[in-house]
A.B. asks: 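Mind having a look at this structure? Questions to follow.
Indexing begins at 1, ligand by ligand and atom by atom, following the structure's order. Counting from 1, the numbers follow the sequence of the chain as shown. For the numbers below, each heavy atom of this structure counts, side chains included, while hydrogens, waters and symmetry mates do not.
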Amino acid sequence: METDFLVIGSGAAGLCFALKAARHGKVTVVTKGEMNECNTNYAQGGICSVTYEPDTFEKHIRDTLVCGAGKCDPQAVELVVRRAPELIRDLIEWGTRFDKTPDGRFELNREGGHSEHRILHHEDLTGAEIERALIQQVKSHPNIEVREHHFAIDLLTQHHLGEFVTRHTRGLACFGAYVLNLDTHEIETILSKFTVVATGGCGNIYNSTTNPVVATGDGIAMCHRAKAVTENMEFIQFHPTSLYNPGERPSFLITEAMRGFGGILRLKDGEEFMKKYHPMASLAPRDVVARSIDHELKIHGEDFVYLDITHKEPQAIISHFPNIYEKCKSIGIDITRQWIPVTPAAHYCCGGVKVDTNGESSVKRLYALGETSCTGLHGANRLASNSLIEALVYADQAARHAVSRLESVHIQEGIPDWDFEGTQHTEEMLLIIQSKREMQQIMSNYVGIVRSNLSLKRAMRRLEILWLETEELYNKTKPNRQLCELRNMITVAYLVIKQGRARKESVGTHFSTDYPQATYTE
Ligand code: FAD
Ligand code: SIN
């Protein structure tokens, strides 16, 4: 099968690219589940854009740089912040509804690390509203074909023409992907002029995460295998406040916007402990809050702290956070009268596939967008609600760039179909599930909010065993979703540990007890 633009993933990044590129050529979107199974659909707090005074681009830029702890790429920060209002207008044109105040102005949230209210939102279900509008547009576009239940396994490069390639091979390019049709179990060869990897994050490498089950880092692993450069993988952001509800996966998020609305973090005895750690107290940058909670939990031997919003007017709480109100009520907590038990959970991958300002990776004709990519915007710690806007801005950049080269690029010939020789259907599902649990345990125990040289070394040793066993199984097995995801998660976990071991400092979300003095000060 041939297409101009192959888009892997149907979250905000993939669908926004598809809509922009479809004005100029044929777009094929493949996604491994239903279209709305993605991190985008779960986003609560909202999407950043400078909207009204006294906010300014300069303030948003500064907040992003401070939160990123000196590791942001200033060019990426400028680009996203200054182009944000334009992309918000596109979203609204596509039918996204953001909440407004009675006088018709947009109602803006504030979250940790922000010096101003600048987060547009739709109740506490912003991502679902954005995804709804994008899906509606994509489904009615004549130039876009969507294939649900299609799992991308690997990207096609000169390697598939029999050439020996490395990360340093000149002119390395991407020609499409092998995609497993999950209904027929056939592997399709999809050839494209341009390939966009927008497969989201990798929260499922940990045993507690806010990410839905689809977030298994497939795109990062695929790009790594295709010899694209990845970076900043050690900067895994933990959200400080996921609902403490043992056994629930994914962990339900209690949006940071609740702290922007006045919510206060407390210990069991009521102490407002964040005052000890940061002048912004409960609204400090996310890495500081997550680490402080982790510290308090270890001191007191507890599993959770509390978020208290009971001092606010009940009707205001319910109208701002209807989804959270209902969820908590369903497990017996009335948030207008009771404190909410919360605990940190793996939430966002600040690193990923290294891209330039066009969203293009080190492999030509291969773009990485959204959470899969590392644009340099987030540095060592993402500012809350900066990721959706990053996905949209870079989708637009990438579409412009690819479209400008559409006429000069041709579909590659000579790519062979998938070779099934020597492989069989697996009967080892239990082993795959067990290995996944072990990997999640290794990452949570040794590569969590606080790390050390020893814990990272231990993690790598244990992961190596899982890697060897999984490769052995993969080589004799007809690909299936569970095995491919496990293989990808192990690859991503390896990158997190390897890049973590190379970072000899504590900065942002990467905190090592061997370097207790944080290297960044404002
Ligand atoms: P996703 O939306 O995750 O989409 C990835 C897509 O790729 C999915 O469709 C998936 O099925 C598909 N896919 C994956 N692997 C394959 C494969 N092998 N083959 C085919 N398809 C594949 N950010 C904000 O800015 N504001 C917020 O308020 C906010 N709140 C959040 C709340 C929660 C609970 C979570 C989990 C995240 C939140 N984030 C928020 C982060 C933000 O939602 C994500 O970073 C962003 O939505 C990522 O968009 P994306 O398009 O890159 O990936
Ligand atoms: C939240 O609503 O707290 C999540 C926001 C984000 O991750 O950007």
Side-chain angles (χ1 to χ4, degrees), residues 6-17 29-49 109 111-114 119-122 124-128 130-131 134-135 146-155 177-180 182 196-204 209-222 237 239-242 250-260 286 289 321 324 345-350 352 368-373 378 382-392 394-395 481 484-485 488:
L6 170 63
V7 178
I8 306 171
S10 58
L15 296 188
C16 181
F17 177 93
V29 178
V30 296
T31 190
K32 65 181 172 181
E34 309 281 319
M35 271 180 100
N36 68 354
E37 287 175 38
C38 54
N39 276 4
T40 299
N41 207 37
Y42 285 67
Q44 291 187 358
I47 180 164
C48 280
S49 177
N109 275 343
E111 295 181 47
H114 288 272
I119 302 167
L120 294 131
H121 66 104
H122 177 90
D124 52 356
L125 289 164
T126 310
I130 292 175
E131 187 69 10
L134 291 172
I135 288 177
V146 180
R147 297 182 171 199
E148 292 181 317
H149 309 289
H150 277 64
F151 184 102
I153 300 179
D154 261 322
L155 300 168
Y178 287 130
V179 177
L180 172 65
L182 296 170
V196 174
V197 178
T199 51
C202 59
N204 285 284
T209 178
T210 60
N211 293 189
V213 291
V214 289
T216 51
D218 297 347
I220 298 172
M222 271 190 282
Q237 184 173 69
H239 198 292
T241 58
S242 77
S251 301
F252 182 81
L253 186 77
I254 306 294
T255 177
E256 211 161 276
M258 195 173 271
R259 278 175 278 139
R286 204 171 271 181
V289 182
F321 308 106
I324 294 175
H347 182 61
Y348 185 84
C349 181
C350 299
L369 299 177
E371 197 166 339
T372 301
S373 67
H378 309 307
R382 177 179 63 103
L383 181 67
S385 289
N386 256 356
S387 43
L388 285 169
I389 196 64
E390 176 198 44
L392 300 180
Y394 272 80
R481 176 172 171 172
C484 289
E485 285 183 339
N488 290 335

A.B. asks: Could you establish whether A198 and ligand 1 come within less than 4.0 Å of each other, counting only heavy atoms on the residue side?
C.D. replies: yes
A.B. asks: State, without any angle test, whether E148 and T31 hold a side-chain donor-acceptor pair at a distance under 3.5 Å.
C.D. replies: no
A.B. asks: Looking at ligand 1, is there an atom of it that comes within less than 4.0 Å of some heavy atom belonging to A12?
C.D. replies: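 The answer is yes: ligand 1 sits under 4.0 Å from a heavy atom of A12.
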A.B. asks: Heavy atom of A215 under 4.0 Å from ligand 1?
C.D. replies: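 Outside the 4.0 Å threshold, so no.
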A.B. asks: Check whether any heavy atom of L253 sits under 4.0 Å from an atom of ligand 2.
C.D. replies: yes
A.B. asks: Heavy-atom pairs closer than 4.0 Å: do any link ligand 1 to the side chain of K32, the backbone, both, or neither?
C.D. replies: both
A.B. asks: Near H239, which atoms of ligand 2 are under 4.0 Å from a heavy atom of that residue?
C.D. replies: 1 (C), 3 (O), 4 (C)
A.B. asks: Does an N or O from S385, backbone or side chain, lie closer than 3.5 Å to an N or O of ligand 2?
C.D. replies: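 Right, the criterion is met.
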A.B. asks: With a 4.5 Å heavy-atom cut-off, do I130 and L388 have their side chains touching?
C.D. replies: yes
A.B. asks: Would you check whether T31 reaches within less than 4.0 Å of ligand 1, judged by its heavy atoms?
C.D. replies: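 The answer is yes, since T31 has a heavy atom less than 4.0 Å from ligand 1.
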A.B. asks: Could you tell me whether the side chain of V197 reaches within less than 4.5 Å of the side chain of L369, counting heavy atoms only?
C.D. replies: no
A.B. asks: Near E111, which atoms of ligand 2 are under 4.0 Å from a heavy atom of that residue?
C.D. replies: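 Atoms satisfying the 4.0 Å criterion: 1 (C), 2 (O), 3 (O), 5 (C).
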A.B. asks: For the pair Q237 (side chain) and H347 (backbone), establish whether a donor and an acceptor sit closer than 3.5 Å, ignoring hydrogens and angles.
C.D. replies: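 Absent.
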A.B. asks: Could you tell me whether the side chains of T210 and S251 share a donor-acceptor contact shorter than 3.5 Å?
C.D. replies: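 Looking only at side-chain atoms, S251 and T210 do not form any donor-acceptor pair under 3.5 Å.
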A.B. asks: Would you check the N or O atoms of G45, main chain and side chain alike, for any that come under 3.5 Å of an N or O of ligand 2?
C.D. replies: yes
A.B. asks: Does an N or O from G45, backbone or side chain, lie closer than 3.5 Å to an N or O of ligand 1?
C.D. replies: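 Yes, there is a polar N/O contact under 3.5 Å.
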A.B. asks: Looking only at distances, can you tell me whether any N or O atom of N386, backbone or side chain, sits closer than 3.5 Å to an N or O atom of ligand 2?
C.D. replies: no
A.B. asks: Main chain of I119, side chain of S385: is a donor-acceptor contact present, judged purely on distance under 3.5 Å?
C.D. replies: no
A.B. asks: Quick one: does Q237 get within less than 4.0 Å of ligand 2, heavy atoms only?
C.D. replies: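 No, Q237 has no heavy atom closer than 4.0 Å to ligand 2.
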A.B. asks: Quick one: which ligand 2 atoms are inside 4.0 Å of a heavy atom on R382?
C.D. replies: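 Near R382, meaning under 4.0 Å from one of its heavy atoms, ligand 2 has 6 (C), 7 (O), 8 (O).
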A.B. asks: Between H121 and ligand 1, which part of the residue brings a heavy atom under 4.0 Å of the ligand: side chain, backbone, both or neither?
C.D. replies: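 Under 4.0 Å from ligand 1, H121 contributes no heavy atoms.
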A.B. asks: Just let me know how M258 lines up against ligand 2, side chain, backbone, both or neither, with a heavy-atom cut-off below 4.0 Å.
C.D. replies: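 Looking at M258 and ligand 2, no heavy atom falls under 4.0 Å.
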A.B. asks: What part of L388 sits under 4.0 Å from ligand 2 if we count only heavy atoms: the side chain, the backbone, both or neither?
C.D. replies: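 L388 to ligand 2: no contact under 4.0 Å from either part.
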A.B. asks: Which protein non-hydrogen atom lies closest to atom 6 (C) of ligand 2, naming both residue and atom, and how far is it?
C.D. replies: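 So the nearest neighbour among protein heavy atoms is R286 NH2, 3.2 Å.
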A.B. asks: Compare all side-chain heavy atoms of I324 with those of Q44 and state whether any distance is below 4.5 angstrom.
C.D. replies: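 Sidechains of Q44 and I324: in contact.
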A.B. asks: Check if T126 has a non-hydrogen atom at a distance under 4.0 Å from any atom of ligand 1.
C.D. replies: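 No heavy atom of T126 comes that close to ligand 1.
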A.B. asks: Is the shortest N/O to N/O distance between S387 and ligand 2 below 3.5 Å?
C.D. replies: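 Looking only at distances, the answer is no, because the N/O contact criterion of under 3.5 Å is not met.
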A.B. asks: Heavy atoms only, cut-off 4.0 Å: how does D218 contact ligand 1, side chain, backbone, both, or neither?
C.D. replies: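 Within the 4.0 Å criterion, D218 contacts ligand 1 through side-chain atoms alone.
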A.B. asks: Which of these, C16, A13, A257, has its nearest heavy atom closest to atom 51 (O) of ligand 1?
C.D. replies: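 It is A13 that holds the nearest heavy atom.
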A.B. asks: Does I47 have a heavy atom less than 4.0 Å from any atom of ligand 1?
C.D. replies: no
A.B. asks: Check ligand 2 against E256 and write out every atom of the ligand that is under 4.0 Å from a heavy-atom position of the residue.
C.D. replies: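 Counting atoms of ligand 2 from 1, those under 4.0 Å from E256 are 1 (C), 2 (O), 3 (O).
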A.B. asks: What about the rings of H239 and Y348, do their centers lie closer together than 6.0 Å?
C.D. replies: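 No, the ring centres sit 6.0 Å or more apart.
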A.B. asks: Pick one of side chain, backbone, both or neither for how I8 approaches ligand 1, counting any non-hydrogen atom pair under 4.0 Å.
C.D. replies: side chain
A.B. asks: Under 4.0 Å, heavy-atom basis, I'd like to know which part of R382 is in contact with ligand 1: side chain, backbone, both or neither.
C.D. replies: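 Contact part for R382 vs ligand 1: side chain (C-beta onward).
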